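What follows is a single structure, written as structure tokens, with notes after it.
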Amino acid sequence: MDSNKLVHMANQIALAFRLQPRDEAVKLTAEHLKAFWSPQMRQELQAHVAAGGAGLEPLAKDAVAKL
Amino acid sequence: MGFSKDFDQGTPVVTSAEQVTLTIDGRAVTVAKGTSVMAAAAQAGTQIPRLCATDLVKAFGSCRLCLVEIDGRRGTPASCTTPAEQGMVVHTQTERLTRLRRGVMELYVSDHPLDCLTCSANGDCELQDMAGAVGLRDVRYGQAGQKHRTGPKDESNPYFTFDSSKCIVCSRCVRACEEVQGTFALTIEGRGLESKVATGTGDFLTSECVSCGACVQACPTATLNEKSVVELGTPTGVVETTCAYCGVGCGFRAETQGDRVVRMVPSKRGQANEGHSCVKGRFAWGYATHQDRVTKPMIRARITDPWREVTWAEAFAHTAKELRRIQETYGKDAIGGITSSRCTNEEVFLVQKLIRAGFGNNNVDTCARVCHSPTGYGLKQTFGTSAGTQDFKSVAKADVVLLIGANPTDAHPVFASRLKRRLREGAKLIVADPRRIELVRTPHVEAAHHLALKPGTNVALINALAHVVVTEGLVKKDYVAERCEGADFESWARFIASEVNSPEAMELHTGVPAAEVRRAARLYATAKNAAIYYGLGVTEHSQGSTMVMGMANLAMATGNIGRDGVGVNPLRGQNNVQGSCDMGSFPHELSGYRHVSDDATRELFESLWGAPLSKEPGLRIPNMLDEAVGGRFKGLYVQGEDIAQSDPNTRHVVAGLEAMECVIVHDLFLNETAKYAHVFFPGSSFLEKDGTFTNAERRISRVRKVMPPRAGLSDWEVTLGLANALGMNLSYSHPSEVMDEIARLTPTFTGVSYAKLDALGSVQWPCNDKAPLGTPIMHVDRFVRGKGRFMLTEFIPTQERTGPRFPLLLTTGRILSQYNVGAQTARTANVAWHDEDVLEVHPFDAENRGLRSGDLVLLESRAGETTLRAVVTERVPPGVVYTTFHHAKTAANVVTTEYSDWATNCPEYKVTAVQVAKATGPSAFQQEDRRRDVALRQVKRGADASR
Ligand code: SF4
Ligand code: SF4
Ligand code: SF4
Ligand code: FES
């Protein structure tokens, strides 16, 4: 899938949780990705992070690390 | 299925805990206090003659036919306007009464044509019945001097006639229009013998009339009569079923001759509608027998090939082979399917079973993805379950109604009638909508506040409302302390009280004056009962789920959950949106909203289905299309949905479909999506199958077969055929067996069975051991999740922004006479009211662009462009344009973008930055689409087609 789209969606999720304490926000974002994204989509996002994670919010990046 | 008319007790049913006992013609009768003598007699089996009374409307007491004698009372009171009292002794048949009634009937009949034998209502006319009942044999006044016999006929409405020569001026129609429908389109003009029924302005079609049919149903004569009855004659059979249009889920009597429908009449036993209907369910059912219906399965190798008609057996074998080929070539996850909110629960359940157990993945989604998926997410997070909290009746107890992003007079008309009735009784209305919807001001209804917010700023508004509640001390502290999670409330209250959420700060985003927001918040928070109703104007945003949680927060903070008259209530678009979600249509959830990763739940299904299930969420519709464009997703089974018209960014949808190798469309018509399909399974209409629909109030109602499926198989049998061709070995002999399986697997459905539905009419889930008769109102003593949970709802503006190139915001919606993509309604006479989608433009924006009403305009966004006609109106504010998406030729979704809700990917239909300019002809997309309409829809008929 288009990585711009994945980044856009992951950022939206991270933003929705950003008012929570940082650890909690990371956890909630990761849980959301696990609960609603197909494994393939998650893997692609992980690959994007591995390749530098351009465009991704730091919170989203940390959440991906928890997947 | 013999024919009997719906029982009419003459005056409305009264519910009261207090009972009175009276004697009628020597028999003791006990009724609820407040019941009329007429209705009491009817309940005891005695029909007192009547003409101006019907239990659809309040008694009026004008015809004087229903006279009775009451011991100890002088004269002969009208039984329809006399309440039954304790100890009363009533006589309904005496010589004096007979004489008086005959006199009344003589007068009526002297002014009425005597062409009963050739009249369309012959056998279904109360005037005729009453003449018989009172033993009328002679009319002393002769037939001269009539006032009405030469009256004109109004045939303008496509569905019913108004033949004023037959009118007895009983005013039942006028009262039905006022009391039942709330439109006030009819009046009685003139006085005495000169009086007559009139439509305020013009004829029925051009007047305020919305063609709900209430007056036709109330009319005791042939004056207002369905054209279908005029043409076909009176019905001889009846089947009780459920409307297949909107999420109100009205109960209907399909009145028939053999397997032909003569008319659809709203059923008084329908608990969602209690005898009322709208123009769609009542009249727009002709699509079911429309010539465009495809009745043979068809296949083709490439979308540019003509379709080839085949047998069902060949269609199933071919499709199964294709799907398996794709899985072998591209992997198990390369296929998926979409369930339909227009299909029954049983059909939806089977499709998701086919996908999970037969395809072996969780790539199942439903059209609720593009409408109410944020409702599912938001209400589950806050309350613990994905459904509205009330029954529709509950609105009759609301004192303040906050209506957000919904337009019920168009999209949920029967609920709108209930709401208007309550507003006429004095309840207050707050409308939050960019557009001046009808309820802002309509006869006898005026909203206390119209919060005309800018599209895309819902969360800003709901936070501002909540800010006022928290900072002005309006929180119901006892309720919150007892019913909600304390720590979550505390952190929410701190967040919401911060200055950024104040109405003054948010005014910058919403454009709604802070003072008005403050007044509206106080009104909502201080009401005895305040209820929130909302529609797609809430969900179809990038913060749709946040907004749903914001509304839930507001309701909890003010103690407005868990009893009659309050709640948070989604108005669902399609008839079975609730049901399709309940049935496990989402890629991450099994039926009853249980996540696929939950081992215990999965094991339950695996053991009953005898197949392993994946514990990973599958793809959602937009993800499927993205993966298809990316080359990894190759096969799709689409039941009863037209994603090429209804889903956002049509060009992207089409690109996705074109990239697939096997698209299976299962539908009534060769719709837009079918242009890109390789297999077509002809579907069955709601008249052609058994099953159940679940409406927006969680009410499960029966759909009953009225006629055989035109293609030989009902939809559930088609899914079964495909499943078995894939080797699943499923055997059900009737949809009731599917419901039994649903009940076995779904905790909120364990008490549901067809036997129970037949006995009770309908039930609202949860229906189980704890609530064997169902649950009208949820979260009464505790929330489903235990304690209610406040969620932080930060306002984050959408990335869809206006700018120099696209300076206007487009928002979309529906109108009354059309439904969704128009597949059904556009094939009925409903086009008399709406035959094309138009673009509403504010006069200011129109003038800037030199536009006038009727001009063809180009509507352009970064996603695409289309053309349609402009209507210049102040209904929309400056800077906002509005259209509907009912007609394929408009292709409104060419313009909408792929931005979506953060939690659910529900598309942001309600906000698209656009430009509007005068156009000279159809857009490039429309021209190409018209060419494709022809090229991709060819059918080579005959060949080897048989069942
Ligand atoms: S059809 Fe409905 S809206 Fe029209 S006049 Fe009759 S009751 Fe009123
Ligand atoms: S049209 Fe029918 S309901 Fe209306 S006043 Fe005439 S007879 Fe009565
Ligand atoms: S479309 Fe909706 S309101 Fe109209 S009759 Fe059908 S269910 Fe009722
Ligand atoms: S029915 Fe009672 S007065 Fe007409």
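Chain letters run A, B, ... following the sequence lines, proteins first and then strands; every chain starts at 1. Computed from a predicted model, the values in this text were never measured in an experiment. For the numbers below, each heavy atom of this structure counts, side chains included, while hydrogens, waters and symmetry mates do not.
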Take B:E616 and B:N362 through the test side chain to side chain contact (heavy atoms under 4.5 Å, CB included) and record every step on the way to the result. CA-CA 7 Å; B:E616 292 287 357; B:N362 286 324; 5.5 Å; no
For ring pair (Phe, Tyr, Trp, His ring centres under 6.0 Å), just list the numbers for A:H32 and B:Y377, CA-CA rounded to whole Å, side-chain angles, deciding distance to a tenth of an Å, and then say yes or no. CA-CA 11 Å; A:H32 191 95; B:Y377 180 86; 5.6 Å; yes
So which of B:L792, B:L619, B:N623 has the biggest tally of heavy-atom pairs under 4.5 Å with chain A? B:N623
Evaluate the ring planes of B:H595 and B:H588, with Trp represented by its six-membered ring, and classify them as parallel (under 30°), tilted (30 to 60°) or perpendicular (over 60°). tilted
Side chain / backbone / both / neither for B:Q799 at chain A, heavy atoms under 4.5 Å: side chain
Residue B:T904 versus chain A: region with a heavy atom under 4.5 Å: neither
Output the distance between atom CG (A:D62) and atom NZ (A:K66), rounded to the nearest 0.5 Å. 7.5 Å
Output yes when B:E627 and B:R632 qualify as a salt bridge under the 4.0 Å nitrogen-oxygen rule, no when they do not. yes
With chain B, the option among A:Q40, A:Q20, A:R42 that has the most non-hydrogen atom pairs under 4.5 Å is A:Q40
Which region of B:F586, side chain (C-beta onward) or backbone (N, CA, C, O), has a non-hydrogen atom less than 4.5 Å from a non-hydrogen atom of chain A, or is it both or neither? neither
Non-hydrogen atoms of chain B under 4.5 Å away: do they reach the side chain of A:K5, the backbone, both or neither? side chain
